[in-house]
Each structure stands twice: as structure tokens, then as C-alpha cells.
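The structure under discussion appears below in the form of C-alpha cells.
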Amino acid sequence: MRAVFHDRYGPPEVLRLEEVERPVPEDDQVLVKIHATTVNRTDCGLRSAEYFVSRFFTGLRRPKRRVLGMELAGEVEAVGAAVTEFAVGDEVFGVKGSGAHAEYVCMTETAPLAHKPASMSFEEAAAVCDGAALALACLRKADSLKGRNVLIYGASGSVGTAAVQLARYFGADVTAVCNTKNLELVRSLGADRVIDYTQDDFTKNGETYDVIFDAVGKHSFRRCRRSLRSGGTYVATDPGLMWHTFALALLTRRIGDKRVAMGITKYTKEDVLFLKELIETGEYRAVIDRRYPLEDVLEATRYVETEQKTGNVVLTL
Ligand SMILES: NC(=O)c1ccc[n+]([C@@H]2O[C@H](COP(=O)([O-])OP(=O)(O)OC[C@H]3O[C@@H](n4cnc5c(N)ncnc54)[C@H](OP(=O)(O)O)[C@@H]3O)[C@@H](O)[C@H]2O)c1
């Protein structure tokens, strides 16, 4: 099968397409023939080892997981003897730690994998899980969202487009901040109000929020704390300069009446099933910016690294 390998950390150019043996599922695994996957910011971060600490998990000197790719949608090609949930021919979608930039992948039955909603294409289904998993992790850092005012900064990214829909689903009053060209998109995702960050600075308009979620790692607690209500929470996706978000999270637990929190992505089967339900009831959709064939993974990666994609970038197989 074809798969995209990297043997060292570095720029997108370390990626190369190779032919390798197709994996064989163990007793508790399914073999998925991948029809679509994505290139996301985590793939890029793991490949570049932008945060050195990631090497403690992925290999100190060189990557142990040589094939990137987390999100996938495809068809079950074979099942292990102990598998009961899936059968050959089932259409599935899900997410895994690595290995999805390939034609086939094995996943255990209990992994974050579910039957694909019939209404969704493989391309859309591949783009569901990663942004939503981080958005869920971040939104869960705030107490109940029902009836609360939530501002989502960076609402046009993969995490942002997921966060707008999920916050809305949890009953929040959502204000989404993005650039001019994406205002209509985020409105269509359910934002009650939109702010164009090229025209208005939400920290200066006198409005206050129960939750400010920086979904793109471009804002800071310092700059927006006056826009947080007493008892409010600032949630970040990124550790920030010198990892100060963690320090602030600890500090604000004891000092002051506004909290800082950081979401850490956790992929679970429960969340994939939850998202599937939202998709089936029309309450969630994946936003796709560009599609590339697998062999154009380099170009796709370079585009993701501009940090200007709208929603998700899909690789098709
Ligand atoms: N904590 C974790 O476990 C974890 C895991 C993965 C990723 N992350 C982080 O999660 C964040 C979001 O990832 P993502 O994939 O959603 O990002 P993304 O899709 O690459 O975000 C791109 C979007 O953000 C918008 N944007 C860029 N600069 C902006 C600014 N200054 N103000 C407002 N919007 C801006 C872009 O639109 P315009 O530039 O055109 O406005 C574009 O639509 C990243 O910072 C990433 O590092 C964290």
C-alpha cells in the first residue's frame, strides 16, 4: 500500500510517499481501507517537533511513528476473529494517534471509530473528529454553558468551527470572532453574533463574557481579562510563550475571580459516537477548506502551516 513516511523531524519536505506492506488486523482489530484523511495542526506539530517536549512521546532523536495522519474515513476491509461491532464493508470514521496518511490502517474495535453517518461523504467524515475533540476538551473546562455568553476567538479554524457548533448545542449564547471572509460561514454554524477582528476589537467594545475561548492560540488572558465577567473562564488551546498558560491556570485557581484553563485533546469512542449523533440530527457538520490527493500531501501540509485554513484540509485516496 502507499503511505506517507518521515524519518526525521523537520519541514514538510521530510515527507515522502512510499510503498509498504499492507497491515494485517489482529483478533480485536479492523483493517480500514481509507478513502479520506486530513492534514491538521497536530500532524504538523509532531512532524516539525515545534514543541521539543513532544519528542518525549514521539521519539527523542527521530520519529518512532513514521506515518502521520490522525483522522480517517473509509471502509472496513477485514476484521479480526474477536470483532463484533464492525463487519466487512461497513463505512466508518474516526481518529487515531498516527498512521492515517496511508491506504490502509488497523484499529482496535474499542478505538475512537464509529459507523459513518449515511448523510456524510467520506471527505466530510474524515474532518469531524480532531477539531471537535479539542473544542470539546476546551468547552468542558468551563462549567455548564447553558445560557452563558461564550466568545470564540479564531472561529474559522478547525477547532473554532467545531467550537461554535458545540457551544451552541450546549445552549450557550455564542459570539464568534473571525476575519471578514468567514463571517457568513460562522453565522451559518450557529453563532448568535459575529465580530470581524479586522474591523473591531472585542476587548474594547465594553461587552463581557462568561467564557472566552481562544481557539487559535492568538490571544491572551492578559489582553482579554477585562472582557471576562467575574467568575468567568479564559480557555486556551495553546501553552503560550514559555508555557505560561499552565502557570496561569494554577495561579488563577487561587488568586482572583477569573480562571485560566487549557484544553488537552483526548480522543474517545464516546465522543466519536456523540459527534455522529449530532451529525445525524443536523447539529454538527465538518467545514472543509481544500481537498488534495494523497500524493499532494506536501502541498496540503504547506497550506495548513500558513495557519490560515478555514476549517479542515482533506487528503483523498
Ligand atoms: N492543545 C492541544 O492538544 C492542541 C492540539 C492541536 C492543535 N492545537 C492548537 O489549536 C489551535 C487551533 O488549531 P486549528 O487547527 O483550529 O487552527 P487552524 O485551523 O490552522 O486555524 C486557522 C484559522 O484561524 C484564523 N486565524 C489565524 N490568525 C488569527 C488571528 N490572529 N485572529 C483570529 N483568527 C485567526 C485563520 O483565519 P485568518 O487568518 O484568515 O483570519 C484560519 O481560519 C492551534 O493554535 C493549535 O496549535 C492544540
Side-chain angles (χ1 to χ4, degrees), residues 12 37-51 53-54 57-58 68-71 95-98 126-141 151-167 175-187 189 191 194-203 212-220 223-224 234-241 243-246 249 260-268 271 286-290 300-314:
T37 175
T38 61
V39 178
N40 61 35
R41 295 279 297 273
T42 308
D43 293 319
C44 296
L46 294 177
R47 190 212 67 243
S48 66
E50 170 194 4
Y51 293 117
V53 71
S54 71
F57 304 98
T58 59
L68 296 168
M70 316 178 83
E71 295 173 289
V95 59
K96 69 190 298 287
S98 60
V128 166
C129 293
D130 182 58
L134 182 51
L136 281 171
C138 290
L139 293 173
R140 284 171 180 155
K141 291 285 175 184
L151 178 132
I152 295 161
Y153 187 80
S156 53
S158 170
V159 177
T161 51
V164 169
Q165 299 178 81
L166 292 166
T175 300
V177 185
C178 63
N179 66 15
T180 320
K181 76 173 194 296
N182 287 314
L183 292 174
E184 269 321 302
L185 168 74
V186 297
R187 220 177 252 128
L189 296 175
V194 291
I195 296 176
D196 180 346
Y197 77 82
T198 68
Q199 303 293 320
D200 294 310
D201 181 346
F202 77 88
T203 65
I212 296 179
F213 175 13
D214 176 9
V216 71
K218 302 279 187 191
H219 223 284
S220 73
R223 279 192 286 145
C224 62
Y234 170 81
V235 192
T237 51
D238 287 56
L241 193 65
W243 292 55
H244 72 278
T245 306
F246 290 110
V260 172
M262 187 180 148
I264 307 281
T265 308
K266 200 172 159 208
Y267 304 118
T268 66
D271 281 347
V287 173
I288 298 179
D289 182 342
R290 296 188 185 176
T301 301
R302 287 190 188 121
Y303 180 55
V304 172
E305 293 197 346
T306 63
E307 302 188 4
Q308 289 189 322
K309 68 180 161 69
T310 299
N312 302 278
V313 167
V314 170

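As the structure lists them, so they are numbered: ligands from 1, and atoms in each ligand from 1.
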Looking at V39 and A300, what are the two nearest heavy atoms and their distance? CG2-CB, 4.0 Å
Within-4.5 Å side-chain heavy-atom neighbours: H219 and Y197: no
Residues in the immediate environment of ligand 1 (any heavy atom closer than 4.0 angstrom): R41, T42, L134, Y153, G154, S156, G157, S158, V159, N179, K181, Y197, A215, V216, G217, K218, T237, D238, M262, G263, T265, E307, Q308, K309, G311
Please tell me if the side chains of F213 and K141 come closer than 4.5 Å, counting only heavy atoms from C-beta onward. no
In the structure I gave you, are the side-chain heavy atoms of T301 and C44 within less than 4.5 Å of one another anywhere? yes
Under the criterion salt bridge (Lys or Arg N to Asp or Glu O under 4.0 Å), I'd like the reasoning laid out for D271 against R140: C-alpha separation, chi angles, the key distance, then a yes or no. CA-CA 12 Å; D271 281 347; R140 284 171 180 155; 3.0 Å; yes
Just so I know, are the side chains of I264 and M262 near enough to count as touching, which here means a heavy-atom distance under 4.5 Å? yes
